[in-house]
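Atom set for the values below is all heavy atoms of this structure, side chains included, hydrogens, waters and symmetry mates excluded. Reminder, nothing fancy here: chain letters follow the sequence lines and each chain counts from 1.
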Protein chains: 2
Amino acid sequence: MVYDYAGMVALADPTRRKVFELVAEGPRSVANLARTLPVSQPAISHHLKVLKEARLVRAEPRGASNIYHIDPHGLGEMRAWLDQMWGNALDAFRNEINKAKEQK
Amino acid sequence: MVYDYAGMVALADPTRRKVFELVAEGPRSVANLARTLPVSQPAISHHLKVLKEARLVRAEPRGASNIYHIDPHGLGEMRAWLDQMWGNALDAFRNEINKAKEQK
DNA sequence: CATAATCATAAACCATGGCTTATGATAAAC
DNA sequence: GTTTATCATAAGCCATGGTTTATGATTATG
């Protein structure tokens with residue numbers, strides 16, 4: 001599986017996490033997010049750009065506003081990747097445990 | 001669910017990702033990692049410290065060496081959190097879709 | 001006991017990136 | 001048509017954090 005870790009990078013910043021969490025609760029405009037969080041509107045726009053490039057959110061123009069909502073597909077990709085990574089890591093871990101037992 | 005995002009922050013750095021991926025393949029010492037990756041030994045130690053505090057790896061002293069392996073418990077916590085977040089976000093997304101349809 | 005190997009911590013350097021202000025472009029409101 | 005609201009981008013500032021060198025502590029080796 002190919003994954004560029006963009007989702008992890010995007011969620012590493014606290015402010016960007018809050019932006020994402022708010023959008024995950026329901027669609028929000030840039031102005032709404034800027035009013036809700038203690039950062040400027042350009043900062044919000046920048047965070048949304050990173051989240052969008054990480055395929056965690058999508059934009060939907062609505063008049064002068066830009067409504068952001070989550071990107072189920074991209075979010076699912078990140079989840080699928082973590083699931084596989086988790087499985088692989090645990091398999092390798094169990095192999096090491098068995099190898100250690102054989103040493104006895 | 002309480003989660004401090006430490007796992008995401010830890011995996012946001014490219015070098016630290018490589019350290020983790022190598023450890024996930026099987027137990028490795030600090031010296032081994034330092035020989036494998038193009039960074040100094042103190043850099044490796046620092047990355048391992050971050051990964052350990054994020055509960056993604058654990059250390060096991062073995063003589064003068066320090067063998068690192070994954071922390072299945074901590075890794076499982078991160079996976080469980082992402083699973084729940086994913087479910088919540090999708091539920092909220094579907095609610096919005098239905099709301100939009102009722103508007104018609 | 002002396003030497004070599006392993007590792008963690010501290011200090012210093014510097015690039016990355018998150019933030020603000022400034023600005024222009026588009027759309028709604030009056 | 002003028003004003004107001006919304007949004008994205010650019011430029012500049014500055015803190016965060018990733019890196020290296022230096023160092024000391026602990027353990028194996030000879």
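Remark on DNA chain C: of its neighbouring residues Val39(A) and His46(B), the 5'-side contact belongs to His46(B), judged by nearest-heavy-atom nucleotide. Taking the nucleotide of DNA chain D with the nearest heavy atom to each of Pro42(B) and Val50(B), the more 5' of the two is matched to Val50(B).
Note: NZ (Lys49(B)) to P (dG18(D)) measures 13 Å, nearest angstrom. Summarising the geometry, the separation between CG on Asp13(A) and C1' on dT16(D) is reported as 11 Å, rounded to the nearest angstrom. Spacing between atom CZ of Arg16(B) and atom C1' of dT19(D) amounts to 12 Å, rounded to whole angstrom units. Rounding to whole angstrom units, NZ of residue Lys18(B) and P of dT19(D) are separated by 10 Å. Taking atom CG of residue Asn66(B) and atom C1' of nucleotide dA25(D), one finds them 13 Å apart after rounding to whole Å. Atom pair Leu33(A):CG and dT6(D):P shows a separation of 12 Å (rounding to whole Å applied). Distance CG (Leu48(A)) to C1' (dT9(D)): 14 Å, rounded to an integer number of Å. Per the geometry, CZ belonging to Arg17(B) stands 14 Å off C1' belonging to dG18(D), to the nearest Å.
Contact annotation for Ala31(A): backbone-only contact, meaning every heavy-atom pair under 4.0 Å involves sugar-phosphate atoms and none involves a base. Using a 4.0 Å heavy-atom cutoff across all strands shown, Ser45(B) reaches at least one base atom of the nucleic acid.
Contact check, Arg35(A) against dT6(D): a side-chain N or O comes under 4.0 Å of OP1 or OP2. Contact annotation: Ser40(B) side-chain N/O to dT21(D) OP1/OP2 distance is not under 4.0 Å.
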Give every donor-acceptor pair under 3.5 Å between a side-chain atom in residues 40-50 of chain A and any protein atom, sequence neighbours left out.
{"unit_1": "Ser40(A)", "atom_1": "OG", "unit_2": "Ala43(A)", "atom_2": "N", "d": "3.4"}
{"unit_1": "Gln41(A)", "atom_1": "NE2", "unit_2": "Ser45(A)", "atom_2": "OG", "d": "3.0"}

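The side chain of Thr15(B) approaches dT19(D) more closely than any other nucleotide in the set dT19(D), dC7(D), dT27(D).
Put simply, the side chain of Val57(B) does not reach to within 4.5 Å of the side chain of His69(B), judged on heavy atoms.
Going from atom CE of Met85(B) over to atom CD of Glu21(A) covers 8.5 Å, rounded to the nearest 0.5 Å.
A donor-acceptor pair under 3.5 Å is absent between the side-chain atoms of Arg58(B) and the main chain of Ile70(B), judged by distance alone.
A perpendicular orientation is assigned to the rings of Tyr5(A) and Trp81(A), their planes being inclined by more than 60° (bins at 30° and 60°).
Residues Ile67(B) and Ile97(A) fall into different hydrophobic clusters, defined by Ile, Leu, Val, Met, Phe, Trp and Tyr side chains chained together at heavy-atom separations under 4.5 Å.
Residues Arg28(B) and Thr36(B) bring a donor and an acceptor atom of their side chains to less than 3.5 Å of each other.
When DNA chain C is scanned 5' to 3' for any atom under 4.0 Å from a heavy atom of chain B, the first and last hits are dT6(C) to dT9(C).
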